[in-house]
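This is a predicted model, so every value here is computed, not measured. In listed order, ligands and their atoms are each counted from 1. Only this structure's heavy atoms are used, side chains among them; waters, hydrogens and symmetry mates stay out.
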Amino acid sequence: MYTQGLNTHETQGTSPVDTEREARFQARIDADEKIEPNDWMPAAYRRTLVRQISQHAHSEIVGMLPEGNWITRAPTLRRKAALLAKVQDEGGHGLYLYAAAETLDVTREELVEQLLTGKAKYSSIFNYPTLTWADIGAIGWLVDGAAIMNQIPLCRCSFGPYARAMIRICKEESFHQRQGYEIISTLARGTPEQKAMAQDALDRWWWPSLMMFGPSDKESQHSDTSMRWKIKRFSNDDLRQKFIDATVPQGHALGLVFPDAQLKWNEETKNFDFGPIDWEEFRQVVSGNGPCSRDRMRTRRKAHAEGAWVREAALAHAARRRSREAAAKLAAE
Ligand code: FAQ
């Protein structure tokens, strides 16, 4: 998608030239201009983007696994078709995002290697199991709902390729969220057993969904710089609160109960107050000790190894095509 030659490897120190370049760069950001791959950028801006975009890409790819688990067991043909399309969309999102990261002078092979060796992070949420069909509804409703809340502002991110990739991704996430809410609504309005399944899924996915927004603002290491550079437009806590305020009425409309005794509308702040998040659980999951962390990595490594022949065949095909084109060009001269 983005294959132009890049002006990279800028060295940075504290010379007056660097200071002036940085000031000009910040002025462009402040004026809401987009930064493009060939523009000068501080090394730390580049690093931050590679970190965030690649973690995001990895999340989409690993995020295919919990739902992929239910493709063969979807209750109807219609549900199966929608789930297949959704999981394929997540794969596509991962690919756009790797392509956006590649404009920053890093290769896809390096990024994938970081994922497979456990060096790179991906979203904590994908380390939880999908135990029942209702979990597929909960993922669409809550996980995609949280993803949209976080990702709509990324459509206005200062880095052009990331912002543009996010526009299509958000449109698709919005369909994902609606299909998830529709599954949950169907179950919540169904038999008592179905309603209990929907409630159980909400009980298990609610808190992990809130953790998706990242640590609290006072613990977030990167927020200040990312907000100054307009990579992030809202803080982790602000987005978490917006998500809670939008989602709680949707659950109440279905007669579902959120697993938080302290969840309560605050007339003064016009927000829902909520109970404490278990940050120790978050730390454990992010450190690779989530309920499915090892299984997710094992599955990704296996899929990568089994796909080696596809990558080799694609490269061989591209090389043959290049040499055919070169021969045809020579013959025409
Ligand atoms: N899980 O200083 P901050 C999806 C890490 S896509 C794991 O606040 P930042 C679609 C963070 O990386 C879901 N790690 O960091 C889908 C950093 O570690 P580092 C993914 C987390 O970057 C739906 C450290 O903690 N979405 O769901 C998490 O400013 C359904 C300190 O944190 C994105 O990636 C976490 N939850 O803010 C697919 C969106 N939170 O790098 C399939 C783009 C934080 O220093 C099915 N990313 N960490 O080692 C972002 O908006 C940001 O990166 C945040 C974190 C908000 C996630």
Side-chain angles (χ1 to χ4, degrees), residues 44 47-70 83 85-94 96-97 100-101 114-115 118-128 130 135-155 157 159 162-163 165-166 169-170 172-177 179-180 205 207-229 231-240 243 277 279 281-290 293 296:
R47 272 197 308 276
T48 298
L49 281 169
V50 170
R51 180 185 64 77
Q52 176 166 326
I53 301 173
S54 62
Q55 286 177 1
H56 192 169
H58 300 326
S59 304
E60 299 279 359
I61 298 295
V62 179
M64 296 167 78
L65 300 175
E67 287 170 293
N69 181 34
W70 279 89
L83 182 59
K86 179 183 193 294
V87 172
Q88 283 174 359
D89 285 351
E90 312 297 0
H93 298 173
Y96 298 150
L97 290 166
Q114 287 168 9
L115 172 67
K119 283 196 206 115
K121 290 197 171 82
Y122 58 87
S123 183
S124 48
I125 193 76
F126 302 116
N127 292 306
Y128 290 86
T130 40
D135 290 10
I136 301 306
I139 290 181
W141 173 35
L142 302 175
V143 176
D144 285 281
I148 296 171
M149 196 55 86
N150 164 276
Q151 292 175 18
I152 293 277
L154 291 175
C155 299
C157 155
F159 185 57
Y162 193 24
M166 290 317 301
I169 292 178
C170 284
E172 292 177 351
E173 298 292 21
S174 155
F175 147 67
H176 298 170
Q177 194 271 350
Q179 71 84 39
W205 289 91
W207 290 107
S209 299
L210 299 188
M211 293 175 196
M212 282 177 73
F213 294 92
S216 70
D217 291 352
K218 57 180 193 315
E219 299 291 328
S220 167
Q221 311 151 36
H222 304 294
S223 282
D224 289 349
T225 30
S226 287
M227 285 178 71
R228 181 159 53 82
W229 284 329
I231 295 172
K232 282 167 98 162
R233 296 270 179 166
F234 295 96
S235 77
N236 299 355
D237 284 337
D238 282 352
L239 289 172
R240 192 171 4 252
F243 170 73
I277 293 176
W279 291 117
E281 175 179 325
F282 175 73
R283 266 188 290 277
Q284 285 297 330
V285 174
V286 172
S287 323
N289 299 318
S293 305
R296 298 286 183 247

> Counting each atom of ligand 1 from 1 as listed, which ones have a heavy atom of F213 under 4.0 Å away?
Replying inline: 56 (C)
> What's the shortest distance from atom 3 (P) of ligand 1 to any protein heavy atom, and which residue and atom give it?
Replying inline: S220 OG, 3.4 Å
>> I need the atoms of ligand 1 closer than 4.0 Å to a non-hydrogen atom of V143, numbered in the order shown.
In response: 23 (C), 30 (C)
>> Can you tell me which portion of S124 lies within the under-4.0 Å heavy-atom range of ligand 1? Options are side chain, backbone, both, or neither.
In response: both
> How are the rings of H56 and Y162 set relative to one another: parallel (under 30°), tilted (30 to 60°) or perpendicular (over 60°)?
Replying inline: perpendicular
>> Under 4.0 Å, counting heavy atoms only: does E67 come that close to any atom of ligand 1?
In response: yes
> Which is it for V286 and K121 under the side-chain contact (heavy atoms from CB on, under 4.5 Å) test, yes or no, and what are the steps along the way?
Replying inline: CA-CA 7 Å; V286 172; K121 290 197 171 82; 3.2 Å; yes
> What residue and atom, counting heavy atoms only, is the protein's closest point to atom 29 (O) of ligand 1, and at what distance?
Replying inline: K232 NZ, 2.6 Å
>> Between K86 and D89 (salt bridge meaning N to carboxylate O under 4.0 Å), is one present in this structure?
In response: no
>> Checking contacts here: is it the side chain or the backbone of N236 that comes within 4.0 Å of ligand 1, counting heavy atoms only? Could be both or neither.
In response: side chain
>> The test is side chain to side chain donor-acceptor pair (under 3.5 Å); show your working for H58 and Q114 and say whether it passes.
In response: CA-CA 10 Å; H58 300 326; Q114 287 168 9; 5.0 Å; no
>> Main chain of M212, side chain of R240: is a donor-acceptor contact present, judged purely on distance under 3.5 Å?
In response: no
> Counting both backbone and side chain atoms, is some N or O of E60 under 3.5 Å from an N or O of ligand 1?
Replying inline: no
> Considering only heavy atoms of M211, which atoms of ligand 1 have at least one such atom less than 4.0 Å away?
Replying inline: 36 (N)
> What protein heavy atom sits nearest atom 28 (C) of ligand 1, and how far off is it?
Replying inline: F282 CZ, 3.6 Å
>> Tell me whether Q221 has any N or O atom under 3.5 angstrom from an N or O of ligand 1.
In response: yes
>> Within the 3.5 Å criterion, strictly below it, is a donor on D144 or Q177 matched to an acceptor on the partner's side chain?
In response: no
>> Under 4.0 Å, heavy-atom basis, I'd like to know which part of F234 is in contact with ligand 1: side chain, backbone, both or neither.
In response: neither
>> Need the ligand 1 atom indices (1-based, order shown) with element for anything under 4.0 Å from a heavy-atom of Y162.
In response: 43 (C)
> Is there a donor-acceptor pair closer than 3.5 Å between any side-chain N or O of T130 and the backbone N or O of P66?
Replying inline: yes
>> Counting non-hydrogen protein atoms only, what is the nearest one to atom 40 (N) of ligand 1? Give residue, atom name and distance.
In response: G214 CA, 3.2 Å
> Which of the numbered atoms in ligand 1 are below 4.0 angstrom from a heavy atom of Y122?
Replying inline: 1 (N), 7 (C)
>> Is there a side-chain contact (heavy atoms from CB on, under 4.5 Å) between I148 and F243? Walk through the geometry before answering.
In response: CA-CA 9 Å; I148 296 171; F243 170 73; over 6 Å; no
>> Tell me whether D224 at atom CG has more than 12 heavy atoms from other residues, nucleotides or ligands lying less than 6.0 Å away.
In response: no
>> Give me the nearest non-hydrogen protein atom to atom 15 (O) of ligand 1 as residue plus atom name, then the distance to 0.1 Å.
In response: H222 CD2, 3.5 Å
>> If the cut-off is 4.0 Å to any non-hydrogen atom of F126, which atoms of ligand 1 fall inside it?
In response: 4 (C), 16 (C), 23 (C), 27 (O), 30 (C), 38 (C), 42 (C), 46 (C)
>> Please compare E90, M227, E173, Q55 and report which has the shortest non-hydrogen distance to atom 42 (C) of ligand 1.
In response: E90
> Which heavy atom of the protein is the closest neighbour of atom 18 (O) of ligand 1, given with residue, atom name and distance?
Replying inline: K121 NZ, 3.2 Å
>> As a check for students: among N150, I169, I53, identify the option with a heavy atom nearest to atom 51 (O) of ligand 1.
In response: N150
> Does S59 use its side chain to pair, donor to acceptor, with the backbone of Q55 at less than 3.5 Å?
Replying inline: yes
> Is the shortest heavy-atom distance from the side chain of S235 to the side chain of S220 under 4.5 Å?
Replying inline: no
> With a 4.5 Å heavy-atom cut-off, do I169 and L97 have their side chains touching?
Replying inline: yes
> Of all the atoms in ligand 1, which lie at a distance below 4.0 Å from a heavy atom belonging to G63?
Replying inline: 42 (C), 46 (C)
>> I need the nearest protein heavy-atom contact for atom 6 (S) of ligand 1: residue, atom name and distance, please.
In response: Q151 NE2, 3.5 Å
> Within the distance-only criterion (no hydrogens, no angle test), does the side chain of R296 pair as donor or acceptor with the backbone N or O of V62 below 3.5 angstrom?
Replying inline: no
> Relative to ligand 1, is K86 under 4.0 angstrom through side chain, backbone, both or neither, heavy atoms considered?
Replying inline: side chain
>> Using a 4.0 Å cut-off to any heavy atom of M212, which atoms of ligand 1 qualify?
In response: 27 (O), 36 (N)
> Is it the side chain, the backbone, both or neither of E219 that has a heavy atom closer than 4.0 Å to ligand 1?
Replying inline: neither
>> Counting C-beta onward and ignoring hydrogens, is there a side-chain heavy-atom pair between V143 and E67 closer than 4.5 Å?
In response: no
>> Suppose we measure from atom 23 (C) of ligand 1 to each protein heavy atom; which comes out shortest, and what is that distance?
In response: D144 OD1, 3.3 Å
